[in-house]
Structure formats: structure tokens, C-alpha cells
**Student:** 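Pasting a structure below so you can have a look.
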Amino acid sequence: LMPLIDCPDCKHPVSDRAAFCPHCGCPWEYFARAAPEPEPEAPPAPAVEPDFEPFERASLWVLAASVAAVLADLIGLSTGDPWLRFQGVGVTLAAQIAGYTLLHGRWWDSLPFERRSLDPLPAVIRCLIPGYNLGWVGKAYVGLVDDLNTELRRLELKVTASATIARLYVFSYYVLLPAVAALPLLGIDTSPLLHFAVDGLALATLFFYQRDTTKAAAWLRGAARAAA
């Protein structure tokens, strides 16, 4: 059946394809033709919100261990015992890496398996091997940031983590801080000012690295939850 509309002149029903009204002769250009049905609107995409909850406890552990490493360095400096300083820094750095074992696993979990350039478990285990980890932590930490940024760009999320901060963090915390703590063992006197500067740099880069990486991973987890 053809849709019917009312003739604007005589008000009788007329086919919407008629050239004129058969009742009164009103031409078709005066007909009030029916408006087309509007296209159904697509449901709005769910809003993406970052999911920080999985990272909170691990982040606190790493921050606490990092502060402890700096305190160990400063306590050793105040006592004048270089071995106490070096051992304290070593133990607390090990505690920090242990915290990263959990935190890195959760950061990597925010990436689809096929989007990872590194396998998380071997990457974290290699960070625990003395000596070898000094070369590996850079690849593991910076590689993680690169993978996160690649996925964020793919999903068009306006969030990034700084690879420069990651490199500076690795250098200051895993190279510079132990090196300065070891100098007195070699009979080299160091200024307290140098220790304060290195410790401050290490803590600052840790804070910004952890903040950037956690934020990137939280947005990816939020995007995955919104798409589910």
C-alpha cells in the first residue's frame, strides 16, 4: 500500500506519489509530503575511564623501598661507615626490584599479548640477576614505555608515558646511586652534597616514571573494560 497524506486544500487522503489531488485537483507541489523516517542513532560509545586500582599497593611498595634506599645512603653517610651505606643501598634496591616484579607484571597485563615486544616474566627475572640487571633494566623499563605508548596511539587515547624519564630513572637509580654509594669503598671521599643531589634525582625520576607508566597502563585497562 502507498503511504497516504492529507491534501492541503480539501483534506482528503491522497497517495504521496500522486501528481495532483483526485478530489479537488490541487497540484502535487502543494502537498505536505511526509518527512523520511530518521536513521536510528548508534548508541554512544562507553566512556573510557582509567583503572588505577590494580596498581595502588604495588606502587606504594616501590615508593617505600625507594625512599628506604635513599635513607640507607644518608644514614651510612652520617655514620661514616661506607660498607653500611653500600649494603643498605643494595638491600633496599633489591626490595625495590622485588616490588617492580609485581608492578611490572601488572603494567604489562594492560597490554594485549600480541602488542608486547618483551615477554614480561623473563624481563622481570632478568632484572633480579646482579650485574646483568644493570644492562637489562633499561631495555625492560624503556621497552615497556614504548609498548604502552604504541598501544595508546593505536587506540587514539591522548595519554603518553615519557621514554626520556624512563631512561633517566634507570640511569640515576640503577647506575648513579649505587656508584656514588660505592665510591667511599674505593677510598674516594665524597661530599654530602653529592649524595643529596643524587638521591634527590633518583627519587624525582622514580616518581615521574612510575606516575607516567601507571597512568598509561590504567588508561589501557580502562579502554579494555569499556570495550568489553
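The residues of the chain are indexed from 1 along the displayed sequence.
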**Student:** Taking only residues two or more places apart in sequence, or in another chain, which ones meet Ala161 in a side chain to side chain contact (heavy atoms under 4.5 Å, CB included)?
**Tutor:**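 Ala161 satisfies side chain to side chain contact (heavy atoms under 4.5 Å, CB included) with Val145, Asn149, Asp212, Ala216 only.
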**Student:** How many angstroms lie between OH in Tyr169 and CG in Leu203, if you round to the nearest 0.5 Å?
**Tutor:**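 If I round to the nearest 0.5 Å, the distance is 10.0 Å.
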**Student:** Find the distance between CG (Leu168) and CG (Leu201) and round it off to the nearest 0.5 Å.
**Tutor:**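 Result: 5.5 Å between the selected atoms.
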**Student:** If Ile, Leu, Val, Met, Phe, Trp and Tyr residues are connected whenever their side-chain heavy atoms lie under 4.5 Å apart, and connections chain through other members, are Phe208 and Val198 in the same group?
**Tutor:**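 Yes, Phe208 and Val198 fall within the same hydrophobic cluster.
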**Student:** Listed by chain and number, what are the side chain to side chain contact (heavy atoms under 4.5 Å, CB included) partners of Leu155, not counting sequence neighbours?
**Tutor:**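 Once residues adjacent in sequence are excluded, the partners of Leu155 under the side chain to side chain contact (heavy atoms under 4.5 Å, CB included) criterion are Glu151, Leu157, Leu220, Ala223.
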**Student:** The criterion is salt bridge (Lys or Arg N to Asp or Glu O under 4.0 Å); which residues satisfy it with Asp51, sequence neighbours excluded?
**Tutor:**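 Partners of Asp51 by the salt bridge (Lys or Arg N to Asp or Glu O under 4.0 Å) criterion, ordered by chain and then number, come out as Arg221, Arg225.
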**Student:** Looking at Phe20 and Gly25, what are the two nearest heavy atoms and their distance?
**Tutor:**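 Result for this residue pair: CB-O, 4.1 Å.
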**Student:** Rounded to the nearest 0.5 Å, what separation is found between the OG1 atom of Thr205 and the CG atom of Leu176?
**Tutor:**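 Reported to 0.5 Å precision, the distance equals 9.5 Å.
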**Student:** What heavy-atom pair brings Pro13 and Asp6 nearest, and what distance separates the two atoms?
**Tutor:**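 The pair with the smallest heavy-atom distance is CA-OD1, 4.3 Å.
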**Student:** Taking side chain as C-beta onward, heavy atoms only, is Thr213 less than 4.5 Å from Gln210?
**Tutor:**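 Heavy-atom side-chain distance check fails, nothing below 4.5 Å.
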**Student:** Side chain to side chain donor-acceptor pair (under 3.5 Å) with Ser162: which residues, sequence neighbours excluded?
**Tutor:**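 Applying side chain to side chain donor-acceptor pair (under 3.5 Å) to Ser162 gives none.
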**Student:** Rounded to the nearest 0.5 Å, what's the gap from SG on Cys24 to NZ on Lys11? Could you check?
**Tutor:**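 These two atoms lie 10.0 Å from each other.
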**Student:** Roughly how far apart are His12 NE2 and Cys26 SG, rounded to 0.5 Å?
**Tutor:**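 That separation rounds to 13.0 Å.
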**Student:** Among the clusters formed by ILVMFWY side chains lying less than 4.5 Å apart, do Phe52 and Phe207 turn up in the same one?
**Tutor:**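 No, Phe52 does not connect to Phe207 through the hydrophobic network.
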**Student:** At what distance, to the nearest 0.5 angstrom, does CZ of Arg116 lie from OG of Ser110?
**Tutor:**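 So the gap between those two atoms works out to 8.0 Å.
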**Student:** Would you call the rings of Trp107 and Tyr209 parallel, tilted or perpendicular, where under 30° means parallel and over 60° means perpendicular?
**Tutor:**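 The rings of Trp107 and Tyr209 stand perpendicular, inter-plane angle above 60°.
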**Student:** Side-chain heavy atoms under 4.5 angstrom apart, residues restricted to Ile, Leu, Val, Met, Phe, Trp, Tyr: same cluster for Tyr141 and Val175?
**Tutor:**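 Result: yes, single cluster for both.
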**Student:** Who passes salt bridge (Lys or Arg N to Asp or Glu O under 4.0 Å) against Arg167, sequence neighbours left out?
**Tutor:**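 None.
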**Student:** For residues Ala202 and Ser172, report the shortest heavy-atom separation together with the two atoms involved.
**Tutor:**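 Shortest heavy-atom contact: CA-OG, 3.7 Å.
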**Student:** Between Arg115 and Asp147, does the side-chain contact (heavy atoms from CB on, under 4.5 Å) criterion hold? Intermediate values first, please.
**Tutor:** CA-CA 7 Å; Arg115 305 286 180 187; Asp147 286 353; over 6 Å; no
